[in-house]
Trainee: 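Got a structure for you, questions after.
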Amino acid sequence: MTNQQAAARVSVRRRGFRCEVRLGDLRVLVPDRRGMQYLAVLTANAEQDIAAVTLVSGTLTGDWSGGVPSKAQPVLDDVARHRYRQRLSELDEAITASETAGDTARHDALTGERQWLLRELAAAAGFGGRARGFATDEERARVAVGKAIRRAIDHIGRDAPAIGEHLRRRVHTGRYCVYLPAR
């Protein structure tokens, strides 16, 4: 890559069902896919952080903050966790009683249920035993946008390695995405 190309900015323009990607005097045509659309927005708004959730929604206005972050809903709420623990206590008593009575069939069934409940509680617990939440819209958008942009850059890099390398070094994805041309 020449110094002129390193200082140049990438531009992405739609040409029918394809996108023309330019960097200085380099040019490549690639299929128009979602990742290319995200790159077009980022390169047209260089050095501006754009929320991944905004890119996914396709609603670009003056405020790209993505709004108030949504809070993850817990996998198990407090009531369900309390009932699971209550049932575990009941199962412990019933398992002890079945052992005393020598009822192996009942003992095996109760032990199986107890193990299932323990797995469910473990799956619902996050770091430090806190309640684990379902993925938020922001998290799903962050993952989807990052994958789409990486695929688009890889596709560009196969046909135009210099442009692909420029984008790999200058496009940053995450909760917010940005294209930093002069880096």
Trainee: Report yes if the side chains of Leu180 and Glu47 come closer than 4.5 Å at any heavy-atom pair, otherwise no.
Mentor: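 A side-chain contact under 4.5 Å exists here.
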Trainee: Kindly give the heavy-atom pair with the smallest separation between Leu23 and Ala8, and that separation in Å.
Mentor: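 Heavy atoms of Leu23 and Ala8 come nearest at CD1-O, 3.6 Å.
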Trainee: Nearest 0.5 Å, please: how far is NE2 in His166 from CZ in Arg9?
Mentor: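 If we round to the nearest 0.5 Å, Arg9:CZ and His166:NE2 are 9.0 Å apart.
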Trainee: For Val41 versus Ile50, what's the shortest heavy-atom pair and its separation?
Mentor: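 The pair with the smallest heavy-atom distance is CG1-CD1, 3.8 Å.
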Trainee: Rounded to the nearest 0.5 Å, what separation is found between the CG atom of Leu110 and the OG1 atom of Thr96?
Mentor: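 Reported value, rounded in 0.5 Å steps: 10.0 Å.
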Trainee: Are the side chain of Arg170 and the backbone of Pro181 linked by a donor-acceptor contact shorter than 3.5 Å?
Mentor: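 Yes: the side chain of Arg170 pairs with the backbone of Pro181.
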Trainee: Sorted by first residue and then second, give each salt bridge (charged side-chain N to carboxylate O under 4.0 Å, His left out) pair with at least one member in residues 145-155; sequence neighbours left out.
Mentor: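 Every pair satisfying salt bridge (charged side-chain N to carboxylate O under 4.0 Å, His left out) with a residue in residues 145-155: Asp154-Arg168.
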Trainee: Give every residue pair that meets the salt bridge (charged side-chain N to carboxylate O under 4.0 Å, His left out) criterion with at least one member in residues 92-103, sequence neighbours excluded.
Mentor: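 Listed by first then second residue: Asp92-Arg114.
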Trainee: What pair of heavy atoms forms the shortest contact from Gly35 to Ala152, and how long is it?
Mentor: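 Taking every non-hydrogen atom into account, C-CB, 3.7 Å.
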Trainee: Could you check whether any side-chain heavy atom of Glu138 comes within less than 4.5 Å of a side-chain heavy atom of Arg142, counting everything from C-beta outward?
Mentor: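 Sidechains of Arg142 and Glu138: no contact.
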Trainee: Could you pull out the closest heavy-atom pair between Arg15 and Leu29, with the gap in Å?
Mentor: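 Nearest pair, atom of Arg15 first, then Leu29: CG-CD2, 4.4 Å.
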Trainee: Can you tell whether the side chains of Glu165 and Arg169 come within less than 4.0 Å, N to carboxylate O?
Mentor: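 So Glu165 pairs with Arg169 through a salt bridge.
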Trainee: Look up atom CD in Glu20 and atom CZ in Arg14, then write down how far apart they are to the nearest 0.5 Å.
Mentor: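 Result: 14.0 Å between the selected atoms.
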Trainee: Taking all heavy atoms of Tyr179 and all of Val10, pick out the closest pair and write down the distance.
Mentor: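 Here Tyr179 and Val10 meet closest at OH-N, 2.8 Å.
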Trainee: Hey, are the side chains of Tyr38 and Val56 touching, using non-hydrogen atoms and a 4.5 Å cut-off?
Mentor: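 Tyr38 vs Val56: side chains touch.
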Trainee: Could you tell me whether the side chain of His107 reaches within less than 4.5 Å of the side chain of Ile95, counting heavy atoms only?
Mentor: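 Yes, at least one pair of side-chain atoms sits under 4.5 Å.
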Trainee: Do Arg87 and Glu113 come within less than 4.5 Å of each other through their side chains, counting heavy atoms only?
Mentor: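 Yes - at least one pair of side-chain heavy atoms lies under 4.5 Å apart.
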Trainee: Look up atom CG in Leu42 and atom CG in Leu55, then write down how far apart they are to the nearest 0.5 Å.
Mentor: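 That separation rounds to 5.5 Å.
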Trainee: Which heavy atom of Gly164 sits nearest a heavy atom of Ile156, and at what distance?
Mentor: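 Closest approach of Gly164 to Ile156: N-CG2, 4.0 Å.
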Trainee: CZ of Arg83: more than 12 outside heavy atoms within 6.0 angstrom?
Mentor: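 Atom CZ in Arg83 is not packed in, count stays at 12 or less.
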Trainee: What's the spacing between His155 NE2 and Arg33 CZ if we round to 0.5 Å?
Mentor: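 Taking NE2 in His155 and CZ in Arg33, the distance rounds to 5.5 Å.
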Trainee: Answer whether the closest heavy-atom distance between the side chains of Asp32 and Cys19 falls below 4.5 Å.
Mentor: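 In short, these two side chains touch, coming nearer than 4.5 Å.
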Trainee: Quick check: is Leu88 connected to Tyr84 through a chain of hydrophobic side chains (ILVMFWY, heavy atoms under 4.5 Å apart)?
Mentor: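 In one cluster with Tyr84: Leu88, yes.
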Trainee: Please tell me if the side chains of Val21 and Met36 come closer than 4.5 Å, counting only heavy atoms from C-beta onward.
Mentor: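 Val21 reaches Met36 side chain to side chain.
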Trainee: Distance from Gln115 atom CD to Leu91 atom CG, nearest 0.5 Å?
Mentor: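 With rounding to 0.5 Å, CD (Gln115) is 11.0 Å from CG (Leu91).
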